[in-house]
Amino acid sequence: MANLIDGRAIAEKVYVDLRREIAELKTKGVTPGLAVVLVGDDPASRAYVRSKDKMCRELGLHSVKLELPGSTTQTELLRRVEELNADPSIHGILVQSPPPAHIDEAAIVRALDPRKDVDGFHPENVAKLVLDDPSGFVPCTPLGVQRLLIESKININGAHIVVLGRSMIVGKPLALLLMQKNTNANATVTVVHSRSRDLEEITRSADIIVAAIGRPGFVKADHVREGAVVIDVGINRVEDGAAERGYRLVGDVAFDEVSKKASAITPVPGGVGPMTIAMLMSNTVKAARQSL
Ligand code: GUN
C-alpha cells in the first residue's frame, strides 16, 4: 500500500513561511493584494474563486473578487484588466479559466501586466520559464506539484517523470519546470497526451507519473510500475446519487488499484488542490516583494 502524500499538511508548511514574509512586507508598508476575476457562473470556477478569496483573508492579504456576468464583453473585460494593472493596491491578477466562449482568452492574458500575472500565463512569463529566469511567475499547479515532491523527499534529480497532458495550465509548464537545470529539477521528462502511441508502455517506465488529462480514473494499475510515485492533478466531478451534492470529486487516477502498486500517491481531494492555492498565495507575495 502506497504512502499518502498529504497536500493539506504540506500547504500548511508553506503558509507558515508565507505568514512570516507577509508580516515583513507589512512593516515596509506593503500588503500583498490579489484580484480574482470570474466571468460567468460555472459552479466549479465559482468554488475555486471562493476558496482563493477565503485563503487571502486568512493570511491577511488584500483580496478583490470581481464576479462579472457571463454576458461581459471582451472590451469590458479588457477595461477591467487595465484598471487592475493600474491599481497600486493589487500585486497579482488572476482571470479564472476557462472564460465563456465569446472571450478571446489569449488576448486577455496578453493584456495583463506581466509583473502582476501570478498565474504565469503571459508570454513574457512563459519565456522566463523556458529561459530559467527566476524573476518570472510559474503557473501555480506545476509549482505545487514540484513543491509536493520536494517536501515529500521524492528525488526529482535524474528521475524519469512522465507527465500525462499538455495543457497550458499544467502539462506544458510542468514539463519545462521539471527539466530546468537545478537540483530541484534536472528530471528526464516525457510528455504523453491523447494522441500518444504506446502510452502505457511509456508510463510504465516512469519513476514519477503526473496525471493531468482531466479524465476520471484514466491511469490504471497497468500504467504504473511497482514502486512508482503517482501525482494526481485531476479534479473531475462525477455524478453520484448517494452523495449530498449529487456528485463527488475524483482524480485522473484509479486510486484503489493504483495505490496498491505505487510507493507514494496523492489523494483527490487533499493532494495537489491545496498546493495550487498555496502557490497562488506564494506568487502573490512574490509579486508584492518584487514591486518594492
Ligand atoms: N482554472 C483552473 N486552474 C486554473 C488556474 O490555475 N488559473 C486560472 N486562472 N484558471 C484556472
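First listed ligand is number 1; within each ligand, the first listed atom is number 1.
- Close N/O approach between F121 and ligand 1 is not found [any backbone or side-chain N/O within under 3.5 Å].
- Looking from atom 11 (C) of ligand 1 to the surrounding protein, the closest heavy atom is Q96 NE2, 3.4 Å.
- At a heavy-atom distance under 4.0 Å, no atom of C140 approaches ligand 1.
- Those atoms of ligand 1 that come under 4.0 Å of a heavy atom in L94, given as number and element, are 9 (N).
- Each of the following atoms of ligand 1 lies closer than 4.0 Å to a heavy atom of D119: 5 (C), 6 (O), 7 (N), 8 (C), 9 (N).
- Protein heavy atom nearest atom 10 (N) of ligand 1, with residue, atom name and distance: S97 N, 3.0 Å.
- Between the side chains of S97 and E105, at least one donor-acceptor pair of N or O atoms lies under 3.5 Å.
- Salt bridge R204/E201: absent, no basic N to carboxylate O contact under 4.0 Å.
- Remark: ligand 1 and K52 share no N or O pair separated by less than 3.5 Å (distance only, no angle test).
- Contact check on K220 versus D222 returns no salt bridge, with no Lys/Arg side-chain nitrogen under 4.0 Å from an Asp/Glu carboxylate oxygen.
- In terms of protein heavy-atom proximity, atom 4 (C) of ligand 1 is closest to I169 CD1, 4.1 Å.
- Separation of atoms CZ (R20) and OH (Y15) is listed at 15.5 Å; rounding is to 0.5 Å.
- Comment: E257 does not engage K261 in a salt bridge, judged by the lack of any side-chain N to carboxylate O separation of less than 4.0 angstrom.
- For H223 and F218, the distance between ring centers is under 6.0 angstrom.
- Contact check on D53 versus R57 returns a salt bridge, with a Lys/Arg side-chain nitrogen under 4.0 Å from an Asp/Glu carboxylate oxygen.
- In T276, neither the side chain nor the backbone holds a heavy atom less than 4.0 Å from any atom of ligand 1.
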